Each structure stands twice: as structure tokens, then as C-alpha cells.
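These notes concern the structure reproduced below.
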Amino acid sequence: MYTVNLRDSNEPFVVGKILCVGRNYAEHAKEMKADLPDFPVIFLKPPTAILPDGGSVVMPAISKDVHHEVELTVLIGQGGKNIPRETAYAHVAGYGVGLDMTLRDIQTDAKKKGLPWTLAKGFDTSAPVSEFIPATAVADPHALDIRLTVNGSLRQNSNTRHFIFRIDELISFISRTISLERGDVLFTGTPEGVAQVLSGDKLVGQLLAPDGALLTSLKVSVL
Ligand code: MG
């Protein structure tokens with residue numbers, strides 16, 4: 001069983017699906033030389049991809065180019081199907097910061113051949129996640145600074161106001177086709193600045209409130 005923690009809650013959430021958004025910041029779409037999407041691109045990671053705060057990312061032997069993608073993560077507290085945008089936030093238990101670790105060479109090859117990204121995105125330890133903070137403690141999830149440092153240098157630095165698709169829209173869009181359940185985790189897409197990680201790297205992801213207060217953070221190393 002793979003679980004994640006919600007601050008101030010003594011019951012861990014058993015992770016079900018990990019749903020990820022492919023492109024949700026215009027600047028990242030540009031650096032990937034990709035068009036802006038008309039609708040969200042959604043892919044899955046298995047629950048076995050979860051890595052808790054403090055863990056180590058294990059790079060699979062099939063790849064020579066593993067990338068970091070820091071992302072706002074959303075923990076689903078209450079499941080549903082056909083969730084309207086107007087009530088979408090009632091399904092959110094909390095927010096966190098996560099890393100959508102990606103085998104870029106394997107993904108690029110799959111894209112060229114029109115094949116699924118499953119191995120490139122779903123390998124063991126490909127989904128490091130912080131402790132989640134309760135949704136009630138976040139006034140506006142689209143006003144948060146999101147940052148990643150690697151070995152102390154700033155690599156990704158953006159704000160969730162730049163989302164192409166907002167959280168309520170994503171929940172509504174996905175739940176029209178795939179039922180959401182308690183314990184599902186949504187990765188909302190990465191800003192620009194993605195790059196390769198190397199063995200021994202120390203990654204620190206941070207989510208900050210508009211006043212600069214640290215909401216939650218994630219530290220992992222690369223084996
Ligand atoms: Mg991503």
C-alpha cells in the first residue's frame with residue numbers, strides 16, 4: 001500500500017490513481033517546442049510510483065536522461081463522477097508539491113512513435129510527494145509560488161497563476177471520463193526550467209503562500 005499524509009490528519013490516505021497533466025504552463029510548452037493544448041493532456045502513474053519526502057529517486061537502467069518537473073499536487077478527499085466546476089473544490093482534501101520525474105529520452109522516443117508514455121512517467125519513485133496541507137489552509141491555490149532547487153541552485157521558479165487549466169476545470173474535465181476516488185493524487189503540470197538530474201543530486205521543492213510563507217516542501221536525493 002502506498003500512502004500520503006495530510007497535515008493535522010492522523011489517518012494517511014491510501015493512494016489510488018495518480019493523474020498527471022501534460023502541459024499546463026505556456027512557458028514549459030514553449031521549451032518543449034509543443035503547441036498550447038486545447039484541452040488538458042492527461043496521463044497516469046501507478047501508485048507504486050509514490051516516493052515520500054526524504055526518499056531517493058532510483059533512475060531506471062533503461063534511461064540516460066532523467067528530468068525533474070516540479071508540480072503543484074492536489075489530494076482528492078472525496079470521490080465523484082461528472083463533477084461540475086462549481087463544486088470541484090469540495091472534492092479537494094489538500095495541496096502539496098511533487099516531482100513528476102520523467103525519463104525524457106524514453107518519452108521522446110515514445111512520442112515519435114505514437115506510443116504510450118507509461119514507462120517514461122510511471123517508473124518506481126517517479127512521483128515524489130510532500131506532506132499535503134489541508135485545502136482549508138490555502139486561500140487561493142492559483143496564487144502560490146512553486147520552486148525547485150537542485151544542489152542549492154534555483155532551477156524552476158513560477159507561480160500557479162500561470163496555469164492554462166485551473167484545478168476546478170481539471171477535476172471537472174477528468175471526472176467526466178474517469179471517476180475520482182479518495183486518495184487519488186493530481187499532478188497539475190510543470191513550469192519551465194525542466195532539466196536532467198544526476199546521481200547524487202539533492203532536490204528541494206517548495207510551495208509558498210503569497211506572503212512568502214512556506215506551505216510545504218519536499219526533499220529527495222537521486223541515487
Ligand atoms: Mg509533468
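Keep in mind it's a predicted model, so treat the numbers as computed, not measured. Numbering starts at 1 and runs along the sequence shown. Counting starts at 1 for both ligands and their atoms, in listed order. Side chains included, hydrogens not; waters and symmetry mates left out as well; all remaining heavy atoms used.
- Between E169 and R166 there is no salt bridge, since none of the side-chain N atoms of the basic residue sits less than 4.0 Å from a carboxylate O of the acidic one.
- Within the sub-2.8 Å shell of the Mg ion (ligand 1), the protein contributes these N/O/S atoms: E69 OE1, E71 OE2, D100 OD2.
- What you find for P141 and I167 is that their closest heavy atoms are CB-CD1, 3.6 Å.
- The shortest non-hydrogen separation linking P191 to H28 is C-CB, 3.7 Å.
- Side-chain atoms of D105 and S63 include a donor-acceptor pair closer than 3.5 Å.
- Using a 4.0 Å cut-off between charged nitrogen and carboxylate oxygen, E181 and K17 count as a salt-bridge pair.
- Taking the six-membered ring for Trp and the full ring otherwise, the centers of F163 and Y25 sit less than 6.0 Å from each other.
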